[in-house]
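First up is the structure itself, then whatever we jot down about it.
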Amino acid sequence: MIPTVVVGSARDIVEECGVARFLFTDFPLGNPFGKPWDKEMQRSIMDMALALLQYAWQGRTTIQTPFKWSEDEKWRKIFMHISDNQLKEYKKLGDARRAEQAKVKII
Amino acid sequence: MIKRTPYRSFLSYIDLSREYYAAHGYSKPYAWISNQNVPFTKLEKPLTECRVALLTTADLEKPPGESKQERHLSRKTYAHPVDEAPEHFYTQDLQWDQESTHTDDNDSFMPLNRLMECAENGRIGSASPRFYGVMTDYSQGKTSKRSAPEILELCKEDGVDALILPAL
């Protein structure tokens, strides 16, 4: 077995699954290692991930980094949000996807 | 000023994805894995003597296939030399917040350069000469019984002592 550390932003999924070590940054999904082009933040997250590898002594150890994505934190309200007029559109997309999946299964 | 909210502050992706897929007409919600026992392996030697590696769910390039579903079927676990890392990993088929951010900077989700710096400044013994890739899979059995052992074998081939898993 090899020691591992998960670095990510979907806290509920990772903790529900249960992992040895988890470094959590409360960011939109996509940049678990810090903001794009922000080398200092990325270095800091790397340093915390390595520290967690070194110092954790039992499973399910979560550490949260101190970083904030933005002042308004608007991303939280947008991601996977479903407005009333999107409902119909999503249903259509779902139907199309199921049809395509059925096609792939046949092949 | 302290802001109070009736919900936890971080997003619940389990709740969000259940509602999102229900809106797409999927009646049976995805059942997330919930392990009672979580394996834990201690780091047996100092970091300064360890070889550390990175594992991503991103692809080296766009997999073959016209649709996302077809491309998904052609994905498999891989090991790839760090010095031949792609300029941009292919992430478009993965589920991340494509509205609020982007993945143009590899190091924001696959920090090969940041890990290399740690090897250069002596924080770790060395960075593995290869990094690894694994596909996101709805099948929990495939992930734990097939992909994970494959990745473990690749790590052993490279003498890896510890693995970092940045999750997109």
Side-chain angles (χ1 to χ4, degrees), chain A residues 1-14 16-21 24 26-39 42-43 45-47 49-50 53-54 56-61 69 74-76 78-80 82 86-87 90-91 93-95 97-98 100-101 104, chain B residues 9-17 19-21 23-26 32-44 46-47 52 67 69-70 73 91 95-105 107-111 114-115 117-118 123-124 152 155 160-168:
Chain A
M1 298 289 270
I2 290 179
T4 56
V5 55
V6 174
V7 180
S9 298
R11 182 171 188 162
D12 63 329
I13 291 174
V14 176
E16 185 68 15
C17 169
V19 297
R21 304 166 185 81
F24 170 59
D26 198 2
F27 273 6
L29 300 183
N31 309 123
F33 254 90
K35 286 188 178 177
W37 320 120
D38 189 336
K39 289 184 184 176
Q42 293 166 4
R43 284 186 187 118
I45 291 178
M46 178 60 83
D47 197 55
L50 292 172
L53 269 173
Q54 189 171 19
W57 68 89
Q58 60 181 358
R60 295 189 188 277
T61 302
W69 182 257
K74 216 162 64 185
W75 65 272
R76 294 174 194 277
I78 304 170
F79 188 63
M80 289 179 118
I82 306 159
Q86 272 169 323
L87 267 172
Y90 282 166
K91 179 73 174 51
L93 282 172
D95 289 342
R97 190 169 170 194
R98 277 183 290 277
E100 203 177 346
Q101 278 172 327
V104 171
Chain B
S9 57
F10 58 88
L11 293 185
S12 170
Y13 292 97
I14 292 177
D15 295 356
L16 278 175
S17 59
E19 285 152 21
Y20 185 80
Y21 287 107
H24 284 72
Y26 293 95
W32 296 88
I33 193 94
S34 183
N35 291 298
Q36 294 264 311
N37 300 309
V38 175
F40 180 81
T41 308
K42 209 169 169 273
L43 198 66
E44 290 299 343
L47 271 172
V52 183
S67 69
Q69 281 72 34
E70 283 174 14
L73 291 175
T91 61
Q95 189 77 358
W96 51 277
D97 192 341
Q98 304 199 12
E99 219 167 318
S100 296
T101 189
H102 61 82
T103 53
D104 294 347
D105 176 16
D107 285 305
S108 70
F109 64 95
M110 186 49 175
R114 300 293 84 81
L115 187 66
E117 287 168 3
C118 291
R123 178 89 165 91
I124 59 170
L152 181 61
C155 287
V160 169
D161 297 304
L163 187 62
I164 301 173
L165 293 74
L168 260 175

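Chain letters run A, B, ... following the sequence lines, proteins first, then strands; residues in each count from 1.
Atom CD1 of B:I33 and atom CD1 of A:I13 lie 13.0 Å apart (nearest 0.5 Å). Going from atom CG of B:L43 over to atom CG of A:L50 covers 9.5 Å, rounded to the nearest 0.5 Å. To the nearest 0.5 Å, the span separating NE2 on B:H102 from CG on A:N31 amounts to 7.0 Å. The line from CG of A:L87 to NE2 of B:H24 is 10.0 Å long, rounded to the nearest 0.5 Å.
Residue B:I124 touches chain A through its side chain alone, counting heavy-atom pairs closer than 4.5 Å. Interface remark: A:M1 contributes backbone and side-chain atoms alike to the contact with chain B (heavy atom separation under 4.5 Å). Interface residue A:Q54: backbone and side-chain heavy atoms are both found under 4.5 Å from chain B. Only the backbone of A:F27 has a heavy atom closer than 4.5 Å to any heavy atom of chain B. Of the atoms belonging to B:R123, it is side-chain heavy atoms, and not backbone ones, that fall under 4.5 Å from chain A. Neither the backbone nor the side chain of B:T91 comes within less than 4.5 Å of any heavy atom of chain A. Of the atoms belonging to A:V19, it is backbone heavy atoms, and not side-chain ones, that fall under 4.5 Å from chain B. Contacts of B:Y21 with chain A are made by side-chain atoms alone, with heavy-atom separations under 4.5 Å and no backbone atom involved. Contact annotation for A:K39: both backbone and side-chain heavy atoms come within less than 4.5 Å of a heavy atom of chain B. Of the atoms belonging to A:T61, not a single heavy atom falls under 4.5 Å from chain B. Heavy-atom distances place the side chain of A:W69, and not its backbone, under 4.5 Å from chain B. Proximity to chain B involves both the backbone and the side chain of A:K91, based on heavy atoms less than 4.5 angstrom apart.
Counting all heavy atoms, side chain and backbone alike, A:P3 lies closest to B:D161 at CD-O, 3.0 Å. Residues A:L29 and B:T101 approach most closely at O-CG2, 3.7 Å, considering heavy atoms. Of all the heavy atoms in B:E19 and A:I82, the pair that sits closest is O-CD1, 3.5 Å. Counting all heavy atoms, side chain and backbone alike, B:A162 lies closest to A:L53 at CB-CD1, 3.8 Å. The shortest heavy-atom contact between B:V38 and A:A20 is CG1-N, 3.7 Å. Of all heavy-atom pairs spanning A:D12 and B:I14, the tightest one is OD2-N, 2.8 Å.
When B:A167, B:S67, B:S100, B:S17 are compared by the number of non-hydrogen pairs under 4.5 Å with chain A, B:A167 comes out ahead. Of the listed residues (A:G8, A:P28, A:A49), the greatest number of heavy-atom pairs within a distance under 4.5 Å of chain B belongs to A:P28. The candidate with the highest count of non-hydrogen atom pairs below 4.5 Å against chain A, out of B:S34, B:S9, B:P39, B:C118, is B:S34. When each of A:L93, A:D47, A:I45 is scored by its heavy-atom pairs under 4.5 Å with chain B, the top score falls to A:D47. Heavy-atom pairs under 4.5 Å with chain A were tallied for B:L16, B:N35, B:D15, B:L73; the largest tally goes to B:N35.
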- [ ] May I have the step-by-step check of side chain to side chain contact (heavy atoms under 4.5 Å, CB included) for B:F109 and A:V7, ending in yes or no?
- [x] CA-CA 9 Å; B:F109 64 95; A:V7 180; over 6 Å; no
- [ ] Would you please test B:F40 and A:R60 for side chain to side chain contact (heavy atoms under 4.5 Å, CB included) and show each step?
- [x] CA-CA 9 Å; B:F40 180 81; A:R60 295 189 188 277; over 6 Å; no
Open item on the list: Show, in sequence, the C-alpha distance, side-chain angles and deciding distance for B:Q95 and A:M80, and conclude whether the side chain to side chain contact (heavy atoms under 4.5 Å, CB included) test is met.
Closed with: CA-CA 10 Å; B:Q95 189 77 358; A:M80 289 179 118; 3.2 Å; yes
TODO: Carefully, step by step, assess B:T41 and A:T4 under the rule side chain to side chain contact (heavy atoms under 4.5 Å, CB included).
DONE: CA-CA 8 Å; B:T41 308; A:T4 56; over 6 Å; no
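With hydrogens and angles disregarded, no donor-acceptor distance shorter than 3.5 Å links the side chain of B:D97 to the backbone of A:F79.
Using a 4.5 Å cut-off on side-chain heavy atoms (C-beta onward), B:I164 and A:F33 make contact. Within the 4.5 Å cutoff, the side chain of B:Y26 has heavy atoms near those of the A:R97 side chain.
Under the 6.0 Å distance and 45° angle rule, A:R76 does not count as a cation-pi partner of B:F10.
In this structure B:D105 satisfies the side chain to side chain contact (heavy atoms under 4.5 Å, CB included) test together with A:P36, A:W37, A:Q42, B:D107, B:S108, sequence neighbours excluded.
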